[in-house]
Structures are given as structure tokens and as C-alpha cells.
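Model, not experiment: these values are computed from the prediction. Below, each value reflects all heavy atoms present in this structure, side chains not excepted, and no hydrogens, waters or symmetry copies. All chains are named by letter (A, B, ...) in the order of the sequence lines, taking the proteins before the strands, and each is independently numbered beginning at 1.
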Number of protein chains: 2
Amino acid sequence: MAAPTPTRPRRRGHDPESVLSIAVHVFNERGYDGTSMEDLARALGVTKSAIYYHVPGKEQLLGRALDRALDGLFAMVADERAAAGPAIERLEWVVRQSVRILVDRLPYVTLLLRVRGNSVTEQAALERRREFDRFISRLVKEAAADGSLRPDVDPALVTRLLFGTVNSIAEWYEPARGNASPDDLADALLKMAFNGLRSRPAAQG
Amino acid sequence: MAAPTPTRPRRRGHDPESVLSIAVHVFNERGYDGTSMEDLARALGVTKSAIYYHVPGKEQLLGRALDRALDGLFAMVADERAAAGPAIERLEWVVRQSVRILVDRLPYVTLLLRVRGNSVTEQAALERRREFDRFISRLVKEAAADGSLRPDVDPALVTRLLFGTVNSIAEWYEPARGNASPDDLADALLKMAFNGLRSRPAAQG
DNA sequence: TTGTCAACTGACCGAATGTTCGGTAAACAC
DNA sequence: GTGTTTACCGAACATTCGGTCAGTTGACAA
């Protein structure tokens, strides 16, 4: 006889996961505060009250989304490749991985980048984000200290410009369209930020 | 006898200008949709209804703010220095001016960069912004076409990364604090974007 | 056929929203 | 003083908000 299906087949309708991903999509379109539960219901094809069967409420939806973004970033900085080797190489690796995470988890990271701290949920996310930023900041300072970065620009400023560039990808990137792959994107970004846009008469090796 | 003061002394209280600047400040703190008229009233030190004596409503407040940002940007692209000379030099000038405008009109530009198109006011601002972006895009393409930019990165991508970097300044710049001046900021940004962060054994001229 | 239960509806709640309006106190003009 | 204007208050407005809850539906098991 057939074994009782171990994970229930979820024969139709939504589950917490599908609600989250659709909700985050709408949050990014209209902004979290600009999105009503009615808007979400419409996007899900159900009534408002059905949402509460799957998730506890609007703010928890936001919290779960922000955690997805932050968990990805913290998993990266915990990797040994962010801790061992020359600072400049670790920095390049972290930039490349940041681009990858941003693209892989685009809607979640986009949401994170727009958080202003209007609730405890947002404040908690902001605090985790600041911790990530401090890690990056330290890494840039190390690279500057060992002479790998040009000495005429303040490392704190480099950190902001470099990761400002990375984060700005969230403003326009659409994976479906004919956009560059995450790797090509990271290549272009690293070329610009580390070697410069200007064409050179004869390049170094 | 004293001539009747030509511009009324506005003996006390607010005027449309002070309401706008304080409102925009609060909009940037909490987001436009996250800001209630009650929030604005509190920041202004009056009741909600007093606001309507000075301005027609919340959305018009937003509209006026967005126009301040956009007018600044369009005044720049109308300048002859954006139209004459080698493309690469015009591009550098436009980047530098963009940084200056962003800093000069920081709260207004910040607000503009967060608009998502939730109302006709926002949609109109988005359309004007897209027109500005098209101008920039053309300029980068010209610089690429005449060989001033490295040929191994798509000009459309360069546009997004370069102005993504510029716009990201709005996320952290605080003029009051010990931040760099607009000029120093533009210098650092141009050094990174055009010449690269990497220190070089021997520099070119 | 009966019962169970996941998934949902529709009516509703209190609170908050942007906005309006009648009134009013202080400053000024004469 | 008398009248007018400026800048505001307080109460109320209709609407929308996030959220609750009793009930219904339809797939499945026994």
C-alpha cells in the first residue's frame, strides 16, 4: 500500500512560502508602507483574511523577508575565503559574492536596502545590516593598510562608494530580461571599481 | 516714515517653504507612505489642520519636493558644458555636477531616488527621471564610441554602475557631519570609477 | 455516508488615515 | 477703538487600515 505521503502534497492554494514570495514582490513594487493587505490579497488571488491563515501578519512577513537577505550576507562573511589570504583578494571575493547574493535573493535584498527603521522589525534588520557593514569596512581598511588600495582616498569613503555601487544593482537588475549574469555583472563592477573605466594606451598584465 | 516692508516680515509661524523643507526631512526619515500628516504636524509643532493653511495636501508636498530635485538635474544637462567638447570630459563634468546637485539638494534628491510610481505625482517624476537617465546613457555611449572607455564593458552597464554609485551617496551622506565636501567626494568617486581603486606600481601622468 | 480538516470567505472591529470646516486669538491697519 | 488678515485649533468627516472570527467548501479517509 502507498506510504502516506511524507510531505503533504498541498493539493492547491497557497502556503507560507508562496505568500512570502508574492508579498515581497508587491512590497518592492509599491513599498512596504504603500502596500495594504488588500493589495497582497489581490496579488494572491484570495481575500485578505485568507492571508492570515498562512502567516501571522504583515510585519512578520517583512521580518521573514529581511532575514532571508541578512542570512545570506552573514553566511558569506562566515566563509573562510572571507577570512584567509591577502586583504585585497578577500575584498574582491566578498564583492563578487555580494553581487551573487544580491541577484540570487534579489527581492529580499532589495527590500532590506529600503528599510528605514519604522518598527522594531525594521530596527532589528538595520542593526544586523550595520554589523555587516562594519565587517566590510574593516576589510577595506586592511586592504588599504597593506598598500593594495590607492592611498589618496579615505578607506571609509571607499567602503561606501564600493558597496553603494554593489547595492545600486538592486535598483535596476531584472533577471528575466537580457541582463548580464551575476558573474558578468561582478566582473564589470570589479573592473570599474578596481581598474577604472578609462581605456589605457597599453595595459599592465 | 518707514517704507512698508516690501516682502512681508512673516512675523511668526510657518510658510510654505518651511513646511516643505521640514516635511521632506520627515519623508526621508520614515518614507513618504510611512509618514502621516500627524507626523508632519508634530515635526512642525502645530496641529494637522494648520498644515492645510500653507500647502494643499500631502501629495502636492511630495510633488514640489520632487520638482526641486528634477529641476536641478535638468538645469545641468541644459548647460553648454554638457554639450560641447570630448564626450569623456563632458561625462566627467556631468558626474561631478550630479554629485554637487545631490549634495546641495540632498533631501529632495533622496526623496526622488525612492519614488516607485504609486501615484500620478510619482509617475510624472519617474518619467522626468527616465528622461534624465536617457541623456546620461547617450553620453556614456558617445564616450565609449570614441574609445575613451574600456571596450570590454557594455556602455549601458557602465551607465547604471556609474550613476548607481553617484546616487548611492544619498544613502549615507550627512553634510553636517565630518563628511567630505562635494568636490572631494566627486574627486574620490571619479578616481575610483575612472582610474580604479587599485594602487599601481608607477602611475601614469 | 459520514466525518475530518485544510483552505478559504464575508462580515465585521477599532484605530488610523488625509482632509474639511467653523471658530478664534493675536497682530496689524486705520 | 473697529475691522481685517494671518495663522492657527479642535472637532468631525469619510475612507482605509491591519486584523479577527464564525462559518462554508471541497477533497479525502474510513
Side-chain angles (χ1 to χ4, degrees), chain A residues 1-24 26-27 29-66 111 116 118-122, chain B residues 1-24 26-27 29-65 111 118-122:
Chain A
M1 48 214 63
T5 44
T7 62
R8 228 76 67 71
R10 291 267 176 233
R11 46 195 177 283
R12 55 179 66 219
H14 293 286
D15 60 14
E17 181 58 39
S18 71
V19 171
L20 179 62
S21 74
I22 293 177
V24 169
V26 181
F27 286 163
E29 248 174 26
R30 303 163 121 80
Y32 174 75
D33 285 311
T35 303
S36 68
M37 292 303 275
E38 192 60 57
D39 290 330
L40 294 187
R42 207 173 303 122
L44 287 161
V46 297
T47 56
K48 250 196 324 173
S49 43
I51 301 174
Y52 291 91
Y53 178 76
H54 299 291
V55 293
K58 193 187 177 190
E59 195 168 341
Q60 288 81 358
L61 226 27
L62 177 64
R64 290 180 194 187
L66 297 177
L111 206 53
R116 304 273 132 223
N118 287 354
S119 62
V120 281
T121 301
E122 298 198 1
Chain B
M1 48 214 63
T5 44
T7 60
R8 227 75 68 68
R10 290 265 176 236
R11 48 197 178 284
R12 57 178 64 220
H14 292 286
D15 61 13
E17 181 56 38
S18 73
V19 170
L20 180 61
S21 74
I22 294 176
V24 169
V26 182
F27 286 163
E29 250 175 24
R30 306 164 119 79
Y32 174 76
D33 285 311
T35 303
S36 69
M37 293 303 276
E38 191 61 55
D39 291 331
L40 293 186
R42 206 174 303 121
L44 287 161
V46 296
T47 56
K48 263 197 303 179
S49 46
I51 301 174
Y52 290 89
Y53 178 77
H54 299 289
V55 293
K58 195 187 178 190
E59 195 169 342
Q60 288 82 357
L61 226 28
L62 177 64
R64 289 180 194 187
L111 205 52
N118 287 354
S119 62
V120 281
T121 303
E122 298 197 1

Colleague: Going by salt bridge (charged side-chain N to carboxylate O under 4.0 Å, His left out), name the residues that satisfy it together with Glu17(A), two or more places apart in sequence or in a different chain.
Modeller: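 Counting only residues at least two positions away or on another chain, Glu17(A) forms a salt bridge (charged side-chain N to carboxylate O under 4.0 Å, His left out) with Arg68(A).
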
Colleague: Could you work out how much the helix from dT1(C)-dA30(D) to dC30(C)-dG1(D) bends, comparing the axis of its first five pairs with that of its last five, to 10°?
Modeller: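 The angle, to the nearest 10 degrees, is 10°.
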
Colleague: Which pairs with one or both residues in residues 40-63 of chain B pass salt bridge (charged side-chain N to carboxylate O under 4.0 Å, His left out), sequence neighbours excluded?
Modeller: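 Counting only pairs at least two positions apart or across chains, the salt bridge (charged side-chain N to carboxylate O under 4.0 Å, His left out) contacts touching residues 40-63 of chain B are Asp39(B)-Arg42(B).
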
Colleague: With heavy-atom distances below 4.5 Å as the criterion, would you say the side chains of Pro16(B) and Gln60(B) are in contact?
Modeller: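 Contact flag for Pro16(B)/Gln60(B) side chains = no.
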
Colleague: In Å and rounded to the nearest 0.5 Å, what is the OH to NE2 distance from Tyr53(B) to His14(B)?
Modeller: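 If I round to the nearest 0.5 Å, the distance is 13.0 Å.
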
Colleague: How far apart are the closest heavy atoms of Leu62(B) and Phe27(B), and which atoms are they?
Modeller: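 In terms of heavy atoms, the two residues are closest at N-CE1, 4.3 Å.
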
Colleague: Rounded to the nearest Å, what distance is computed from the CD1 atom of residue Ile51(B) to the P atom of nucleotide dC21(C)?
Modeller: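 After rounding, the reported distance stands at 17 Å.
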
Colleague: Which residues satisfy the side chain to side chain contact (heavy atoms under 4.5 Å, CB included) test with Asn118(A), sequence neighbours excluded?
Modeller: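 If we apply the side chain to side chain contact (heavy atoms under 4.5 Å, CB included) test to Asn118(A), skipping adjacent residues, the hits are Asp33(A), Arg116(A), Glu122(A), Arg30(B).
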
Colleague: For Tyr53(A) and dG23(D), what is the distance between atoms OH and P respectively, to the nearest whole Å?
Modeller: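 Those two atoms, OH and P, are 18 Å apart.
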
Colleague: With sequence neighbours left out, what residues match Thr47(B) under side chain to side chain contact (heavy atoms under 4.5 Å, CB included)?
Modeller: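 Ser49(B), Ala50(B).
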
Colleague: How would you list, by chain and number, every residue that makes a side-chain hydrogen bond (donor to acceptor under 3.5 Å, both in side chains) with Glu29(A), sequence neighbours excluded?
Modeller: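 By the side-chain hydrogen bond (donor to acceptor under 3.5 Å, both in side chains) rule, Glu29(A) matches His25(A).
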
Colleague: Respond yes when some side-chain nitrogen or oxygen of His54(B) is under 4.0 Å from OP1 or OP2 of dC8(D), and no when none is.
Modeller: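 Answer is yes, contact under 4.0 Å.
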
Colleague: Between atom NE2 in His14(B) and atom C1' in dC9(D), what is the gap in whole Å?
Modeller: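 The distance from NE2 of His14(B) to C1' of dC9(D) comes to 14 Å, rounded to the nearest Å.
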
Colleague: Hey, what are the protein-to-nucleotides 17-19 of chain D N/O distances that come in under 3.5 Å?
Modeller:
{"from": "dG18(D)", "atom 1": "OP1", "to": "Thr35(A)", "atom 2": "O", "distance (Å)": "3.2"}
{"from": "dG18(D)", "atom 1": "OP1", "to": "Lys58(A)", "atom 2": "NZ", "distance (Å)": "2.9"}
{"from": "dG18(D)", "atom 1": "OP2", "to": "Met37(A)", "atom 2": "N", "distance (Å)": "2.7"}
{"from": "dG18(D)", "atom 1": "N7", "to": "Lys48(A)", "atom 2": "NZ", "distance (Å)": "3.1"}
{"from": "dG18(D)", "atom 1": "O6", "to": "Lys48(A)", "atom 2": "NZ", "distance (Å)": "3.3"}
{"from": "dG19(D)", "atom 1": "OP2", "to": "Tyr52(A)", "atom 2": "OH", "distance (Å)": "3.0"}
{"from": "dG19(D)", "atom 1": "OP2", "to": "Lys58(A)", "atom 2": "N", "distance (Å)": "2.9"}
{"from": "dG19(D)", "atom 1": "O5'", "to": "Tyr52(A)", "atom 2": "OH", "distance (Å)": "3.4"}
{"from": "dG19(D)", "atom 1": "O6", "to": "Lys48(A)", "atom 2": "NZ", "distance (Å)": "2.6"}

